[in-house]
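See below for the structure under consideration.
Reckoned from all heavy atoms, side chains included, excluding hydrogens, waters and symmetry mates. Values in this document were obtained by computation on a predicted structure and should not be read as measured data. All ligand and atom numbering here is 1-based and tracks the order in the structure.
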Amino acid sequence: MTRITHMLGGVIIGGLFCKYGIIIGAIAGGLPDIDIKLFGEGKDWNWHLFKHRGITHTLLFALCLTVVSYFILLHFHYGEIFALIIFLALLSHIILDTLNFQEEKPFYPLKTEICFKIIKVGTIQEYLFIALPLFLILIEIIITKYKYYI
Ligand SMILES: [Zn+2]
């Protein structure tokens, strides 16, 4: 999925908890795709983990990042909630990416590959059937939970 779709997923999760969670969710929702910046598209890497949809798209990464963020945020108000939002937003990223046509191994070190091959990245189908419904859910959360009327 594209960055906007992942961020929408994270924003919704964060928005369900608190308004500051929206920012945390947006960042965490898009974070796993940092592997593109770190490793490129993975052409020069033979090891799966350092390719796009490698280590940053695993439950292991999500758990490690959640534990680290938990201890960092522990002393802040809502710190535990923020750590939970980070985990759920990372999880939403992994789940959304399984809808695409590129395999990922979310249960690493298990070799189980998941790829549902439903929607191609950046196509009108993604925006129409994934991003738009997520956006409408976000609008609903903003209106009902935060009483902002657009
Ligand atoms: Zn991704």
The Zn ion (ligand 1) as vertex, arms to OD1 of D33 and OD2 of D97: angle to 10°?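 OD1 of D33, the Zn ion (ligand 1) and OD2 of D97 span an angle of about 170°.
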Do the side-chain N and O atoms of T2 and T5 include a donor-acceptor pair separated by under 3.5 angstrom?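 Yes - a donor-acceptor pair under 3.5 Å links their side chains.
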Assess [X]: does it contribute an N, O or S atom lying under 2.8 Å from the Zn ion (ligand 1)?
X	result
H93	yes
H6	no
D35	no

Could you pull out the closest heavy-atom pair between Y146 and C18, with the gap in Å?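 Smallest interatomic distance, heavy atoms only, reads OH-C, 2.9 Å.
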Please work out which of the three classes, parallel, tilted or perpendicular, describes the rings of Y78 and Y20, given edges at 30° and 60°.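 Answer is tilted, since the angle falls between 30° and 60°.
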Answer yes if I141 and L88 sit in the same cluster of Ile, Leu, Val, Met, Phe, Trp and Tyr residues linked by side chain heavy atoms under 4.5 Å apart, and no otherwise.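 Same hydrophobic cluster.
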